Amino acid sequence: MTLLQPSLCKPHPFSPLNCSPKTPPPPTLIRTLASFSQKHKPYHQMIQVKKQWTRCHTALETKGGIVSVDEKEGEHEEDHTVVIGPSGQEELRADRVVVDYDWTEEWYPLYLTQNVPDDAPVGLTVFDNQVVLYRDGEGKLRCYKDRCPHRLAKLSEGQLIDGRLECLYHGWQFEGEGKCAKIPQLPANAKIPQSACVKPYEVRDSQGVVWIWMSQKTPPNLSKLPWFESFTKPDFEDDSTTHELPYDHSILLENLMDPAHIPISHDRTDWSAQREDAQPLLFNVTERTDRGFAGYWGKEKDQSTTNFVRFDAPCVLQNSKEVVDKNGEKHCFAGLFLCRPCGQGKTMLIARFGGTKKYPLAKLLPKWYFHLNASKVLDEDMGFLSAQNEVLMKEKVPTNELYLNLRSLDTWVAEYRKWVDKVGHGMPYHFGHTTISLPKQPAVVEHAPAGLFAAISASLPAKGGTGNMHAPDFTNRYFRHVIHCKGCRNVVKAFQTWNKALLGMALALTALAILVSGRQWKALLLVAASLCLAGVYGCSTVIAMNTTTFIRPHRRL
């Protein structure tokens, strides 16, 4: 049990009295000070005062009586060597540092270029702004606001006719920079109104990713368009995947810049992850700017920091490492994470992994296997990250009131949230280290299922465990990844075709085995039918692996 009891404390900066070590301040004084502080202090400074006062009067009740925490000399000093505290003079003074920032004047990763379909539009979201992306008749990428000016129907639900984007409601067609080219219901001599157009967005295809400039007032700033040197190196090959995830993009970024969780959360899923390898890490921040931070990290037992991390506004995280093999050749490995905010509680991740060294085993495995493994890693994180999203929305306080950040594993997390403090005023919403601005829309919370019945439900894409694979259900891997990945879609379709063909052959061979009279023929046909059924099982397994969310077994089962 924790009690509030005065101990050795310093005078409150607004108090005309000194705090007695034995006599607590009178309640009237506390109320007066609190009222005065609320009028003259910003929120994050009030929180710091609250923290200092609480620590000042915290005591523990034990069997031997009440022991003041502050009676242990040096305990707070020891905490400061483990827990991440203020990192600059401004934070020590509780002054908020802000920089000019407008979230619309940034490039956001919209989609992998290779996955943009040639025959259909794609509906996407940046924060709460819905856009539609498609290729016109000449193959040029076009992007509009996802709203028909006629009756607000979503253009992403439409279709492409002769290179034009057609609204599925009344057939209005749009082309080029958003010009309305056809309204079927207009009389023959009537002109199309100039107001019958849609707002266009600037998009660029850069290094295999489609980027969108969200401002429709300010011309695109090409100097802000990200460029990744690792992906330009000779012999560099990468594999890219896309995933929709049910939590805020800031939570995803935290997770991706947290190497300490990998041995525990992804034990034996990631080839290099083993829970026995969980250990303290070393961090070295080498750069802090208004647009992010950079530094190195490594394992404490190695006493080296060879892994490089860089975060760049608004949502780009790079991980890279250079190694020298036994032949003296230098090789580069890189992981690139592009985390587009899709509204509170929703994120789209474009993950790109590559390197200059090629492993023989990696060449033998199909690409869909690596996509499958990446999906499983994200599924393993889904439960506690969506729960974290829910807690942030419920508590409605900055992260320094909820997180216990340790120097040996949370350095990047603290750096990121402190960067958010600088620019959060220019975002639709944010969760910072000492500041917070809640979103207008509540979070969409989808916990990862666990247990026997959840496994049955998650194996069928429709909620409740009924329906077919194409019934919309965003708790299913099919909708999180497969519909956004042209390669995995083709794999699923191919195995579905083989599944039906092999099942038909198995039935035909079984029927022949019944009709023929010779024992040898019967045996041969039945063996062939069994092989076909084994193929059916294999195809079904591959389809399920690509479309079913990973289920973490429930401990009680």
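Computed from a prediction, not measured in an experiment: that's the story for all the values here.
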Tyr429 and Phe431 aromatic ring geometry - parallel, tilted or perpendicular at 30°/60° bounds |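 Aromatic pair Phe431/Tyr429 classed perpendicular.
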Between His481 and His243, how do the two ring planes meet: parallel, tilted or perpendicular, split at 30° and 60°?
->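 Parallel, since the angle between the ring planes stays under 30°.
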Report, as yes or no, whether the 6.0 Å neighbourhood of atom NZ on Lys367 holds more than 12 heavy atoms from other residues, nucleotides or ligands.
-> no
Evaluate whether atom CZ of Arg147 has more than 12 neighbouring non-hydrogen atoms of other residues, nucleotides or ligands under 6.0 angstrom away.
->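 No.
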I'd like to know if the side chain of [X] reaches the main chain of [Y], judged simply by a donor and an acceptor atom lying under 3.5 Å from each other, with no hydrogens or angles considered.
X	Y	value
Arg135	Asp118	no
Lys224	Glu105	yes
Asp421	His433	yes
Lys486	Gln114	yes
Ser386	Gly383	yes
Asp248	Gln344	no
Thr125	Asp128	no
Asn373	Tyr369	no

Could you grab the distance from atom [atom1] of [X] to atom [atom2] of [Y], nearest 0.5 Å is fine?
X	Y	atom1	atom2	value
Trp107	Asn221	CH2	CG	8.5 Å
Glu254	Leu317	CD	CG	11.5 Å
Thr306	Lys299	OG1	NZ	9.5 Å
Trp368	Thr241	CH2	OG1	15.0 Å
Arg275	Ile264	CZ	CD1	4.0 Å
Tyr296	Arg310	OH	CZ	9.0 Å

Distance flag, aromatic centroids of [Y] and [X], threshold under 6.0 Å:
X	Y	value
Phe127	His249	yes
Phe308	Phe333	no
Tyr134	Tyr144	yes
Trp419	Phe293	no

Yes or no on side chain to side chain contact (heavy atoms under 4.5 Å, CB included) for Ser215 and Asp102, after CA distance, side-chain angles and deciding distance?
-> CA-CA 9 Å; Ser215 176; Asp102 183 345; 5.9 Å; no
Does any donor atom in the side chain of [X] or [Y] lie under 3.5 Å from an acceptor atom in the other side chain?
X	Y	answer
Thr434	Asn400	no
Thr286	Asn284	no
Asp239	His371	yes
Tyr111	His484	yes
Ser304	Asp302	no
Asp205	Thr113	yes
Ser408	Glu300	no
His425	His430	no

Ignoring hydrogens, what is the shortest heavy-atom contact between [X] and [Y]? Give both atom names and the distance.
X	Y	result
Phe228	Val316	CE2-CG1, 3.7 Å
Gln216	Pro200	NE2-O, 3.1 Å
Met348	Cys342	N-SG, 3.4 Å
Ile212	Cys143	CD1-SG, 3.7 Å
Gln207	Phe231	NE2-CB, 4.0 Å
Cys315	Pro341	SG-CD, 4.4 Å

Step-by-step salt bridge (Lys or Arg N to Asp or Glu O under 4.0 Å) determination, Glu276 to Arg268 = CA-CA 11 Å; Glu276 308 90 63; Arg268 270 76 180 179; 2.8 Å; yes
Could you tell me if the side chain of [Y] sits less than 4.5 Å from the side chain of [X], heavy atoms only?
X	Y	result
Glu106	Met214	no
Trp103	Pro314	no
Leu133	Arg142	no
Glu415	Met257	no
Leu392	Thr399	yes
Val83	Arg407	no
Gln388	Tyr247	no
Lys376	Arg477	yes

Show your reasoning for whether side-chain hydrogen bond (donor to acceptor under 3.5 Å, both in side chains) applies to Thr356 and Asp235.
-> CA-CA 5 Å; Thr356 56; Asp235 300 326; over 6 Å; no
Please lay out, stage by stage, how Asp410 and Arg417 fare under the test salt bridge (Lys or Arg N to Asp or Glu O under 4.0 Å).
-> CA-CA 11 Å; Asp410 298 314; Arg417 292 296 180 182; over 6 Å; no
Derivation and outcome, salt bridge (Lys or Arg N to Asp or Glu O under 4.0 Å), residues Glu322 and Lys233 | CA-CA 12 Å; Glu322 290 188 349; Lys233 293 185 177 182; 3.3 Å; yes
Passes side chain to side chain contact (heavy atoms under 4.5 Å, CB included), Leu349 versus Thr242? Steps please.
-> CA-CA 6 Å; Leu349 166 66; Thr242 304; over 6 Å; no
I would like to know whether Val132 and Lys154 meet side chain to side chain contact (heavy atoms under 4.5 Å, CB included); could you show each step before the answer?
-> CA-CA 8 Å; Val132 56; Lys154 295 185 74 171; over 6 Å; no
Side chain to side chain contact (heavy atoms under 4.5 Å, CB included) evaluation trace for Trp412 with Trp297 = CA-CA 10 Å; Trp412 302 144; Trp297 69 273; 3.7 Å; yes
